[in-house]
Each structure stands twice: as structure tokens, then as C-alpha cells.
Amino acid sequence: MIRKEDRRLRVGVLGAGPIAQFAHLESCVKARNADLYAICEAAPDLLERVAAYYQPTRTFTDYDAMLADPALEAVVVATSDAWHVPMSIRALEAGKAVLCEKPIGVAVEEVEGLRDVVRRTGRVLQVGHMKRFDPGLQAARDFIATEMGAPLALKAWYCDSTHRYSMTDAVQPLPIVSRAQKKPTDNPKADLARYYMLAHGSHLVDTARYLCGELTEVRARLSERFGAYCWFVETGFANGTLGHLDLTIAVRMDWHEGFTLYGEHGSIIARTYNPWYYRSSDVDIFHERDATTRRVLGADGHFFRRQLEGFAATMLDGAPQTGADIEDGLASVRAMAAIAESVRTGRTVTLADMRGSVGGAS
Ligand SMILES: NC(=O)c1ccc[n+]([C@@H]2O[C@H](COP(=O)([O-])OP(=O)(O)OC[C@H]3O[C@@H](n4cnc5c(N)ncnc54)[C@H](O)[C@@H]3O)[C@@H](O)[C@H]2O)c1
């Protein structure tokens with residue numbers, strides 16, 4: 001049952017493409033502390049159809065017109081990666097808070113520019129690393145912070161499945177499309193290694209950081225065979241955790257995502273589902289003190305609505321920002337760029353020195 005609080009953040013969603021239709025529009029309508037105040041979509045026919053269903057207070061085809069509305073408090077940026085930084089900057093400069101889809105950008109320098117604007121304006125910016133709002137992963141993080149003691153080693157994997165579209169076609173509504181949708185002139189899928197890193201690697205890197213903190217260095221190898229891409233990444237963390245990340249697109253089996261983490265007073269084994277099932281990860285936490293494994297049910301696995309509620313709570317109640325902030329977004333982009341650089345050079349790459357864009361296979 002949807003319960004709405006009295007004070008709700010007035011949110012405008014920029015872009016009514018697949019991610020808005022599958023996640024953000026519904027999240028705004030269902031969130032306890034936010035409303036779908038506006039939708040801005042360049043394609044008028046698409047705008048009309050989504051607005052007829054979701055019933056925002058206002059609709060726009062022009063972003064500046066939406067930003068000029070004084071009643072609008074926050075923007076969800078749901079456009080292609082290449083526009084995340086410029087669209088977020090425009091919203092911040094117009095005095096709005098921003099929840100921007102991941103990855104926050106495609107190059108270190110542009111994200112540093114965005115960080116400057118966040119600092120100068122003092123506005124809230126959250127990056128849409130929605131897995132941070134998976135109740136299973138939240139239980140893991142809680143255990144790490146309170147009981148696990150020193151971490152020893154993290155192995156984390158994110159392996160997309162060749163059958164993912166059979167799954168998602170079965171559970172998602174048909175997306176509404178339009179010929180008038182705005183697309184970047186450069187095809188984001190022209191370089192698949194780069195595209196997979198930005199689309200999927202961003203989740204893996206953020207989950208690793210969410211669990212074990214700052215990444216300091218990476219040494220990566222990429223195997224590309226029969227159309228599949230597999231990155232094995234040795235990672236160093238500032239807290240001394242030994243790390244190994246596996247990003248594979250796509251495995252010839254079911255969706256395969258999760259991690260194991262060995263700590264001083266316990267261990268965690270996690271299995272994460274394809275996100276479109278909206279199901280909390282199965283996270284088995286072994287407590288050494290009583291030799292017992294516990295698993296949170298996490299009945300509410302709507303990570304996208306939960307991330308919006310967290311964002312709105314920061315805005316409305318001054319609650320601590322539990323979602324990824326601009327520093328987290330920047331660190332993820334640095335890590336992805338460093339992985340590509342390490343693949344290219346065969347060397348260990350220190351993240352603090354990393355500049356440039358997230359590269360591809362060459
Ligand atoms: N969190 C996740 O797990 C997850 C999953 C899928 C996609 N994403 C991210 O979501 C983002 C968007 O993905 P998508 O597939 O919906 O993108 P898309 O490009 O298919 O759709 C974006 C929509 O925004 C509109 N648009 C773009 N610029 C506009 C502007 N200036 N004014 C008005 N409308 C504008 C376009 O017309 C289009 O309809 C990507 O960055 C992607 O990485 C995240």
C-alpha cells in the first residue's frame with residue numbers, strides 16, 4: 001500500500017526513455033516523500049503517452065523551461081551517459097538538487113568539473129548507484145561496519161547473461177518508443193568494451209567500494225572471445241582488503257552477480273539477482289561469535305524507489321546521504337578509466353593519478 005507523507009519533494013524527471021519508464025517514473029509516484037511533479041521529454045508523442053499514465057503536474061519538452069519552474073525542487077537525470085554531467089550542472093546552477101543515473105560521467109575531468117559545481121552551489125547530488133539501496137547489501141554493509149572487524153579479502157563478480165532479454169522481456173512492460181527521442185550523435189555501443197564498462201562495470205566498482213571503501217590501484221586483464229568480454233581485475237583498497245573483481249558480459253548461463261567477503265569475525269556470501277526482478281540480494285552473513293548464519297529477507301526490493309526516498313529524505317529532513325555522492329561517482333569513473341588503462345598497458349594503475357576518459361578495448 002502506498003503511503004504518502006505530508007511534505008514531499010517535487011521531482012522532475014528528465015528523459016522518458018527505458019530507465020525512466022521501468023524505474024524512475026514509478027518510483028516518483030510510489031515514494032512516500034516525493035511526487036512526480038514534472039516530466040521533461042524531447043519527444044512530444046512519448047511525453048504525451050507517459051504523462052497520460054503517470055499524471056505529472058506539469059510536462060515539458062524543453063529542459064530550460066522545466067528548470068525555470070520555481071516549484072520544481074529536484075531533477076532525476078535519466079538521459080544517456082554523455083549528457084549526465086552537462087544536464088546535472090544545468091540543474092544545480094538553476095538551484096535544483098540532482099539524482100543522476102550512473103555512471104555520473106564518461107571522463108575524470110568532466111566529473112571533476114561537476115564536483116566543483118556541487119561544491120560551489122552546495123546542492124545535493126546523488127548518483128543512481130541504486131544497489132546501495134538493496135536491503136541485502138545494506139545488511140552486509142551494516143555487518144562490516146559493526147561486527148566483522150578487519151576485512152581480509154573481497155571477490156566480487158557481475159556477469160550479465162546471454163538470456164537477460166528473455167528475462168527482462170518477461171517481467172518488464174513494453175517500453176514506449178518514439179522516433180523523436182534525442183540520442184547522442186556518437187553511438188554509445190560503437191565500442192562495446194567501453195559501453196559494457198560504463199553500463200555494467202560502474203555497478204561492480206561501486207558495489208566493491210560500498211563494501212570495502214576506497215580503491216587505490218587496479219591491475220586488469222581483458223579476454224575477448226566469441227563476442228564475450230571478461231575482465232579480471234586485481235584491486236587494492238585503502239583499508240588493505242585484497243580484492244578481485246570479475247566483470248563478464250555475457251556468461252552462457254543465468255545472471256551471475258554477487259560477492260564473498262572474508263573478515264576477522266565473520267564472512268559474507270551474497271547472490272544478487274537481475275535488478276528487474278526487484279528482489280533483494282540473498283546475503284548470508286556468518287557470525288563467528290555464535291557460529292550462525294543470518295539472512296535478511298528484504299521484502300521491499302524496489303531499489304529505485306528506495307534510492308529516491310533516501311535522496312528526498314536528505315533534502316527534506318537533512319538525513320545523511322546514504323546514496324553515492326559526487327566523490328563516489330568520481331571514484332567510480334576513475335576506477336573504470338584505470339581498469340581500461342591497465343588493460344592497455346599491462347601495468348598496475350594508481351587511481352589517484354588517473355585522468356582521461358573511460359577507454360575501450362584498444
Ligand atoms: N541504474 C541502472 O541499473 C540502469 C539501468 C539502465 C540504464 N541506466 C542508465 O540510464 C540512463 C538512460 O538510459 P535509457 O536507456 O533510458 O536512455 P535513452 O537514451 O534510451 O532515453 C533517454 C530519453 O531522454 C530523452 N532526452 C535526452 N535528452 C533530453 C533533453 N535535453 N530534453 C528532453 N529529453 C531528453 C530522450 O528523448 C530519451 O527519450 C543511461 O545513463 C543508463 O546508463 C541505468
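Just so you know, ligand 1 is whichever comes first in the structure, and atom 1 is the first atom listed for that ligand. For the numbers below, each heavy atom of this structure counts, side chains included, while hydrogens, waters and symmetry mates do not.
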Exercise for the section: Give a yes or no on whether R252 atom CZ has more than 12 heavy-atom contacts from other residues, nucleotides or ligands under 6.0 Å away. Expected result: yes
Problem - Heavy-atom gap H203 to ligand 1 smaller than 4.0 Å - result: yes
Exercise for the section: Kindly confirm or rule out an N or O of K102 lying under 3.5 angstrom from an N or O of ligand 1. Expected result: yes
Problem - Close N or O approach (I19, ligand 1; < 3.5 Å) - result: yes
Practice task
Please report which non-hydrogen protein atom sits nearest to atom 33 (C) of ligand 1, along with the residue it belongs to and the distance in Å to one decimal place.
Solution key: A42 N, 3.2 Å
Completion exercise
The residue among T241, T260, T235, I268 that forms side-chain contact (heavy atoms from CB on, under 4.5 Å) with L154 is T241
Handout entry: M130: numbered ligand 1 atoms lying under 4.0 Å from its heavy atoms
Key = 1 (N), 3 (O)
Handout entry: Shortest protein heavy-atom distance from atom 41 (O) of ligand 1, along with the residue and atom involved
Key = D81 OD1, 2.5 Å
Practice task
Record the part of L46 in heavy-atom contact with ligand 1 below 4.0 Å; permitted values are side chain, backbone, both and neither.
Solution key: side chain
Problem - Atoms in ligand 1 flagged as close to L14, the criterion being non-hydrogen separation under 4.0 Å - result: 30 (C), 32 (N), 33 (C)
Handout entry: Nitrogen or oxygen of H84 less than 3.5 angstrom from that of ligand 1
Key = yes
Exercise for the section: Say whether P18 and ligand 1 are in contact under the criterion: heavy-atom distance to a ligand atom below 4.0 Å. Expected result: yes
Completion exercise
Of all protein heavy atoms, the one nearest atom 29 (C) of ligand 1 is K182 CD, 3.7 Å
Problem - Contact check, Q21 vs ligand 1, heavy-atom distance below 4.0 Å - result: no
Practice task
Considering only NZ, NE, NH1 and NH2 on the basic side and carboxylate oxygens on the acidic side, decide whether R295 and D282 come within less than 4.0 Å.
Solution key: yes
Exercise for the section: Describe, in one word, how the ring planes of F304 and Y278 are oriented to each other, choosing from parallel (under 30°), tilted (30 to 60°) and perpendicular (over 60°). Expected result: perpendicular
Practice task
Have a look at D328 and tell me which of H129, Q321, R132 forms a side-chain contact (heavy atoms from CB on, under 4.5 Å) with it.
Solution key: R132
Practice task
State the atoms of ligand 1, each with its element, that fall below the 4.0 Å cut-off from a heavy-atom position in A78.
Solution key: 12 (C), 22 (C)
Handout entry: Any donor-acceptor N or O pair under 3.5 Å, side chains D284, T293
Key = no
Problem - E112 with R355: basic N within carboxylate O range, under 4.0 Å - result: yes
Practice task
Could you tell me whether E26 and R305 have a side-chain N and a carboxylate O separated by less than 4.0 Å?
Solution key: no
Practice task
Considering heavy atoms of the protein only, find what lies nearest to atom 21 (O) of ligand 1 and give residue, atom and distance to 0.1 Å.
Solution key: G17 CA, 3.5 Å
Problem - Closest protein heavy atom (residue, atom, distance) for atom 11 (C) of ligand 1 - result: T79 O, 3.2 Å
Practice task
Please report which non-hydrogen protein atom sits nearest to atom 24 (O) of ligand 1, along with the residue it belongs to and the distance in Å to one decimal place.
Solution key: G15 CA, 3.1 Å
Handout entry: E234/R221 salt bridge by N-O under 4.0 Å criterion
Key = no
Exercise for the section: Answer with yes or no whether P275 contacts ligand 1, where contact means a heavy atom under 4.0 Å from a ligand atom. Expected result: no
Practice task
Enter the distance from K96:NZ to M66:CE here, rounded to the nearest 0.5 Å.
Solution key: 9.0 Å
Completion exercise
Note: E101, heavy atoms under 4.0 Å from ligand 1, region reported as side chain
Practice task
Give a yes or no on whether a salt bridge exists between R120 and E93, defined as a side-chain N under 4.0 angstrom from a carboxylate O.
Solution key: yes
Exercise for the section: Report the nearest protein non-hydrogen atom to atom 25 (C) of ligand 1: residue, atom name, distance rounded to 0.1 Å. Expected result: E41 OE1, 3.2 Å
Handout entry: Heteroatom proximity flag, K183 to ligand 1, N/O under 3.5 Å
Key = yes
Problem - Short N-O contact, D246 and K155, less than 4.0 angstrom - result: no
Exercise for the section: Give a yes/no on ligand 1: does F22 have at least one heavy atom closer than 4.0 angstrom to it? Expected result: no
Exercise for the section: State which residue, out of E257, Q307, Q138, fulfils the side-chain contact (heavy atoms from CB on, under 4.5 Å) condition with K131. Expected result: E257
